Amino acid sequence: MEYLKISGETKLQGEVEISGAKNAALPLIAATILAKNEISICNMPNVVDINTFLKLIDMLGGSFKKEEKCIKIDTSKINKTTATYDIVKTMRASILVLGPLLARFGHCEVSLPGGCAIGQRPVDLHLKALEQMGAKITINHGYIEATAPNGLKGAKIVFDKVTVGGTENTVMAAALADGVTTIINAAKEPEVQQLCQVIKDAGVLIEGIGTSTLIVHGTNKKLLHIKDFDVIPDRIEAGTYMCAAAITNSKLKIKNVIPIHLEAVISKLEEMNFEILQDETSVTIMPTDEIKPVNIITTEYPGFPTDMQAQFMALATQAKGVSTIDERLFENRFMHVSELLRLGADIHLNGNIATINGTVNELFGTDVMATDLRASSALVLAALVAKGETSIHRIYHLDRGYEDLEGKLSKIGATVVRDKE
Ligand code: EPZ
């Protein structure tokens, strides 16, 4: 197994280029199932989760061609409708084929995703929405079996909770449904917005993009002609590099971003006493005299993202004072705490609230273990300031969502080496 060796007490400098957003690209690849044409998607991140999703498209009978940062996907010949356990167990986002497969073929079978390192993560809201659109759903031998012999019908869906994947699955199903679907309490994340925009550009009328009420006028099973497009920049990768600059108290320019998507992160960094310069497609973070503590509550977009919580916890270990992080989305998203403690951090957990005492702010390099994607990136950040060398094990988590992490970090001055155990 591979691991990363990172030398601490680093200063970063220069510029880093942000890749396309994994969490935008995954539903967008699923949406190609709604199309009758080959689609070229550019600014595609080169990360393991994308390759896994492409493998799923291939297993269903679709095809793809990679050309540098673009991928051409053709789902016109899809002739299978089962997402098997083997693939779903490696990537929960496989559930995103449920809505489009059901809408296009009238039936499909998707292995029920189990819990994961950050929480139980049920998919009940996805299933309830599809049932309200006329699907019959049963769970048999660990598989979601969905049928809609007469096609899906437009319906009014009120989500009990804001769900990114649930909104995405429902929008994709609604695009080919018969009639109008109104989604109330829809997710507003930029990744959901791009999915809606791409489907809208394919001729499906979608009202309310970026608001909590989406109205989708379905085509009654008429497949779409999706135009070629670029994936939006990854706001979580960008936020992670902003935290890398902050924790090492360095000046760093982060390029190829949409600054408005980073507002919650920028605002918390400003509260921590960092100055952030912005132009249309980049942000530059400046060093500070003193890192101030911060209080964070994770919530849905446009609030502070749960996917940035672990990175800010690493940063809070360097603040002069006591910070708190209240995780409201996932019940178990604190696996990084015990690993940060191994590096010498002073963190107390009480239910879903972590208190980080930054007054004793020296971290010391040691061996730590990555537990999920964002937890792993928090360990990378902590390793950049720790005294001595840190070895981060199980980095396959990082490879799922950060393109060329060690290449990008090395280019801005970090000493990072990938090695085999
Ligand atoms: C997406 O997951 C992201 N994944 C996650 O990114 C991100 O953390 C999350 O949204 C929240 O922003 C992708 O986009 C591929 P949810 P998703 O449905 O869609 C509960 C990363 O590191 N819920 O919005 O699975 C759920 O348990 C990852 O890149 C139900 O109860 O998240 C959670 O508490 C990890 N029933 C809350 O809603 C359901 O049917 C929000 O989850 C669905 C969700």
Side-chain angles (χ1 to χ4, degrees), residues 20-21 23-45 50 53-81 83 93-94 96-108 130 133-135 148 150-154 165 167-183 186 190-210 214-232:
N23 287 349
L26 294 171
L28 288 164
I29 299 174
T32 64
I33 295 172
L34 304 171
K36 57 184 176 208
N37 61 305
E38 183 184 72
I39 304 147
S40 176
I41 310 181
C42 293
N43 201 31
M44 191 61 107
I50 297 299
F53 213 107
L54 291 170
K55 193 170 149 204
L56 171 57
I57 293 292
D58 180 65
M59 285 165 81
L60 294 172
S63 60
F64 63 89
K65 278 184 277 207
K66 289 192 177 182
E67 289 167 0
E68 299 214 351
K69 286 251 164 221
C70 302
I71 298 181
K72 285 187 174 160
I73 304 178
D74 184 352
T75 62
S76 59
K77 297 201 173 53
I78 282 191
N79 55 3
K80 295 187 194 74
T81 54
S94 313
L96 292 170
V97 298
L98 179 66
L101 281 178
L102 179 63
R104 174 164 160 186
F105 295 100
H107 66 94
C108 68
L130 294 172
M133 295 174 74
N150 303 316
L152 296 172
K153 305 269 180 268
T167 304
E168 291 166 344
N169 244 332
T170 309
V171 166
M172 289 188 276
L176 297 193
D178 176 12
V180 177
T181 300
T182 303
I183 307 170
E191 297 76 20
V192 177
Q193 293 184 35
Q194 186 175 29
L195 174 72
C196 291
Q197 195 56 52
V198 164
I199 293 176
K200 187 176 177 188
D201 291 343
V204 177
L205 177 58
I206 303 185
E207 299 167 78
I209 296 177
L214 290 169
I215 303 171
V216 185
H217 298 252
T219 65
N220 195 11
K221 282 194 134 181
K222 194 167 162 260
L223 292 182
L224 312 182
H225 186 100
I226 296 183
K227 295 179 185 153
D228 297 347
F229 62 88
D230 289 2
V231 177
I232 55 170

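Because the structure is a prediction, the values reported are computed rather than measured.
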Step through the shown structure and confirm whether more than 12 heavy atoms of other residues, nucleotides or ligands are within 6.0 Å of NZ on Lys227. no
Heavy-atom nearest pair, Gly154 first then Thr181, reads CA-OG1, 3.3 Å
Give, for atom CG of Leu224 and atom CD1 of Ile33, the distance between the pair rounded to the nearest 0.5 Å. 12.0 Å
For Pro27, check side chain to side chain contact (heavy atoms under 4.5 Å, CB included) against everything at least two apart and list the hits. Leu96, Glu168, Leu195
Which pairs, with at least one residue in residues 192-206 and sequence neighbours excluded, count as a side-chain hydrogen bond (donor to acceptor under 3.5 Å, both in side chains)? Gln197-Asp201
Has Asn43 got a side-chain atom pairing as donor or acceptor with Lys69's backbone, closer than 3.5 angstrom? no
Can you tell me if Ser40 uses its side chain to pair, donor with acceptor, with the backbone of Asp228 under 3.5 Å? no
Does Lys222, at its NZ atom, have more than 12 non-hydrogen atoms belonging to other residues, nucleotides or ligands within less than 6.0 Å? no
Distance (rounded to the nearest 0.5 Å) between Asp178 CG and Asn150 CG: 10.5 Å
If we only count heavy atoms from C-beta on, is the Thr32 to Phe64 side-chain gap below 4.5 Å? no
Please, which pairs that meet salt bridge (charged side-chain N to carboxylate O under 4.0 Å, His left out) have at least one residue in residues 29-40, sequence neighbours excluded? Glu38-Lys65
Donor-acceptor pair, side chain of Lys77 and main chain of Asp74, under 3.5 angstrom: no
Here the gap from Cys196 atom SG to Met172 atom CE, rounded to the nearest 0.5 Å, amounts to 10.0 Å
Distance check, rounded to the nearest 0.5 Å: Leu56 atom CG versus Leu60 atom CG? 4.5 Å
Separation between CD1 (Ile71) and CD1 (Ile57), nearest 0.5 Å, reads 11.0 Å
Look up atom CD1 in Ile73 and atom CG in Leu54, then write down how far apart they are to the nearest 0.5 Å. 5.5 Å
